[in-house]
Amino acid sequence: MAIHVLLNTKGGVGKSTLSWHVMPALFTKLGKSFKIFEIDNNNVTNVFHKSTIIQDNTQTVKTSDKNIAAEIIFQTMTSNEELILDAGGGEDSLRVIEIVKSIGEAKINWFIPLNRNLAQLKNALNTYEQINDPQNTYFILNGYTSLEDIMDEFLFYFGNTNMNIEGIRDQLKIQREFAIPFSNYFEIAEMQNLTIADLAKISQELTKEEAKALFFEKFKDDKQAFFRAWCDYKNSEDAAQVLEHIFTDFLPFFSDGIQTEPKRTKRN
């Protein structure tokens, strides 16, 4: 059991993708129970109310709530659940850092999502410095389009000697980061009030032939309904493929906590 803190002092960098889509999918895959604490003075996430992956495993609290630390400590002492703390931006993130550091003896992983924008990267670096726990802090490269080109896409993170750009990975001597691909299926799932893991379940539970037979029997008199169900199945297949890419990068760490370094080709 561990506390997984997802934060960045700047919004719009993929915290929701990580906390509501990726983390629940990972722990479900590993057979681990989890609980999401959304700690935010301004926003409440209610888009996933049809999710069977998340179900009732969420709690929303304001950073001004004086009982947050007590609630988290109670959870760590009485439950084997993995705790996912989704912190709001700005002052919310700074307050969450303060709260988590007051907890004491607990395994804590800090995750800082970032995109390829230089200004956003500076905010991520500021968050990293505020956390001040390098050994347990990991950057999440959110929204890459190609693993082959990820070092070019996240130029200011990895750096490039030919362009005389020193990346923060070398500056901070970072040995391990995680990466999440860009995918429309996160938003397609949200349109249905689901997580991407919910969307992927259809194709994971039914083979293509089983799905065809089921849909034909159910919608044999309604071709439009059959077509919609088949499109949902195809979307499910694609969503499952996105998750497999994510699992390849994340699962070794979350299975045993070993800081395995992904193989990324250094670009000059």
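Note that these values count all heavy atoms, side chains included, but never hydrogens, waters or copies made by symmetry.
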Problem set entry | Rounded distance (nearest 0.5 Å) linking atom OG1 of T58 with atom CG of D56 | 7.0 Å
Seminar exercise, completed: Here the pair of heavy atoms bringing K15 nearest to G88 is CE-C, 4.3 Å
Problem set entry | Qualifying residues under side-chain hydrogen bond (donor to acceptor under 3.5 Å, both in side chains), relative to D65, sequence neighbours excluded | none
Problem set entry | Crowding at NZ, K50 (>12 non-hydrogen neighbours, <6.0 Å) | no
Exercise. Any side-chain heavy atom of F154 sitting closer than 4.5 Å to one from L114?
Worked result: yes
For this session: State, yes or no, whether a side-chain contact exists between K201 and T52 at a heavy-atom distance under 4.5 Å.
Result: yes
Problem set entry | Distance (rounded to the nearest 0.5 Å) between N57 CG and I54 CD1 | 8.5 Å
Problem set entry | Backbone N/O of N117 and side chain of Q120: donor-acceptor pair under 3.5 Å | no
For this session: Check whether F186 and M191 end up in the same hydrophobic cluster, where Ile, Leu, Val, Met, Phe, Trp and Tyr are linked by side-chain heavy atoms less than 4.5 Å apart.
Result: no
Exercise. Quick one: ring pair (Phe, Tyr, Trp, His ring centres under 6.0 Å) partners of F250, sequence neighbours excluded?
Worked result: F178
Problem set entry | hydrophobic_cluster_shared for I196 and L194, side chain cutoff 4.5 Å | no
Problem set entry | Pairs satisfying salt bridge (charged side-chain N to carboxylate O under 4.0 Å, His left out), at least one member in residues 153-162, at least two apart | R116-E153
Exercise. Given side chains that start at C-beta, do those of I108 and V5 come closer than 4.5 Å, heavy atoms only?
Worked result: yes
For this session: State, yes or no, whether a side-chain contact exists between I140 and E177 at a heavy-atom distance under 4.5 Å.
Result: no
Exercise. Do you know which two heavy atoms are closest between S79 and M1, and how far apart they sit?
Worked result: O-CG, 4.1 Å
For this session: Mind checking the CD1-CD spacing from I3 to E81? Nearest 0.5 Å is all I need.
Result: 12.5 Å
For this session: Enumerate the residue pairs fulfilling side-chain hydrogen bond (donor to acceptor under 3.5 Å, both in side chains) with a member in residues 179-196, sequence neighbours excluded, ordered by first and then second residue.
Result: H21-E190, Y185-D238, T195-D198
For this session: Quick one: pull up OH in Y233 and CG in N235 and give me the separation to the nearest 0.5 Å.
Result: 12.0 Å
For this session: Please identify each residue that fulfils side-chain contact (heavy atoms from CB on, under 4.5 Å) with F37, with sequence neighbours left out.
Result: K35, I39, Q59, E71, Q75, L83, L85
Problem set entry | F74 with F34, same ILVMFWY side-chain cluster at under 4.5 Å | no
For this session: Heavy atoms only: give me the nearest A211-W230 pair and the separation to one decimal.
Result: CB-CZ3, 4.2 Å
Exercise. Do D149 side-chain atoms and D152 backbone N/O form a donor-acceptor pair below 3.5 Å?
Worked result: no
Exercise. Nearest 0.5 Å, what's the CD1-CD1 distance between I73 and I99?
Worked result: 10.5 Å
Could you give the side-chain donor-acceptor pairs of residues 124-134 under 3.5 Å, partners two or more places apart or in another chain?
{"from": "T127", "atom 1": "OG1", "to": "T9", "atom 2": "N", "distance (Å)": "3.0"}
{"from": "T127", "atom 1": "OG1", "to": "T9", "atom 2": "OG1", "distance (Å)": "3.3"}
{"from": "T127", "atom 1": "OG1", "to": "N123", "atom 2": "O", "distance (Å)": "2.9"}
{"from": "D133", "atom 1": "OD1", "to": "N136", "atom 2": "ND2", "distance (Å)": "3.2"}
{"from": "D133", "atom 1": "OD2", "to": "W110", "atom 2": "NE1", "distance (Å)": "3.2"}
{"from": "D133", "atom 1": "OD2", "to": "N136", "atom 2": "ND2", "distance (Å)": "3.3"}

For this session: Taking side-chain hydrogen bond (donor to acceptor under 3.5 Å, both in side chains) as the test, write out the residues that go with E98, two or more places apart.
Result: R95
Exercise. Stepwise, does the side chain to side chain contact (heavy atoms under 4.5 Å, CB included) test hold for F156 with I165?
Worked result: CA-CA 7 Å; F156 300 107; I165 295 174; 4.1 Å; yes
For this session: With rounding to the nearest 0.5 Å, note down the distance linking CD1 in I53 to CD in Q55.
Result: 8.0 Å
Exercise. Do F27 and I84 come within less than 4.5 Å of each other through their side chains, counting heavy atoms only?
Worked result: yes
Problem set entry | CA sep, side-chain torsions, deciding dist, call: D249, H245, side chain to side chain contact (heavy atoms under 4.5 Å, CB included) | CA-CA 7 Å; D249 202 12; H245 285 299; over 6 Å; no
Problem set entry | Side-chain heavy atoms of P181 within contact of T145, under 4.5 Å | no
Exercise. With a 4.5 Å heavy-atom cut-off, do I68 and I72 have their side chains touching?
Worked result: yes
Problem set entry | F139 vs L172, side chain to side chain contact (heavy atoms under 4.5 Å, CB included): CA-CA, chis, key distance, verdict | CA-CA 11 Å; F139 288 102; L172 302 177; 4.1 Å; yes
For this session: Answer yes if I202 and L243 sit in the same cluster of Ile, Leu, Val, Met, Phe, Trp and Tyr residues linked by side chain heavy atoms under 4.5 Å apart, and no otherwise.
Result: no
For this session: Taking all heavy atoms of F254 and all of L30, pick out the closest pair and write down the distance.
Result: O-CD1, 3.7 Å
For this session: Output all residues satisfying side-chain contact (heavy atoms from CB on, under 4.5 Å) with A2, sequence neighbours left out; order by chain, then residue number.
Result: H4, E82, K107, N109
For this session: Using a 4.5 Å cut-off on heavy atoms from C-beta on, say whether the side chain of L18 contacts that of N142.
Result: no
Problem set entry | Derivation of the side chain to side chain contact (heavy atoms under 4.5 Å, CB included) call for K32 and L26 | CA-CA 9 Å; K32 296 182 178 183; L26 281 167; over 6 Å; no
Exercise. Do M151 and F182 sit in the same hydrophobic cluster, where Ile, Leu, Val, Met, Phe, Trp and Tyr count as joined when their side-chain heavy atoms come under 4.5 Å apart?
Worked result: no
Exercise. Which heavy atom of I174 sits nearest a heavy atom of I168, and at what distance?
Worked result: CD1-O, 4.1 Å
Problem set entry | Test side-chain hydrogen bond (donor to acceptor under 3.5 Å, both in side chains) applied to E210 - qualifying residues, sequence neighbours left out | T207
Listed pairs under 3.5 Å, donor-acceptor, residues 212-227 side chains, sequence neighbours left out:
{"from": "D222", "atom 1": "OD1", "to": "Q224", "atom 2": "N", "distance (Å)": "3.3"}
{"from": "D222", "atom 1": "OD1", "to": "A225", "atom 2": "N", "distance (Å)": "3.1"}

Seminar exercise, completed: side-chain hydrogen bond (donor to acceptor under 3.5 Å, both in side chains) filter on S203, not counting sequence neighbours, yields S236
For this session: Output all residues satisfying salt bridge (charged side-chain N to carboxylate O under 4.0 Å, His left out) with K208, sequence neighbours left out; order by chain, then residue number.
Result: E237
For this session: Identify the heavy atoms of N162 and N160 that sit nearest to each other, and give their distance.
Result: N-OD1, 2.9 Å
Problem set entry | Any donor-acceptor N/O pair, S93 side chain to N8 backbone, under 3.5 Å | yes
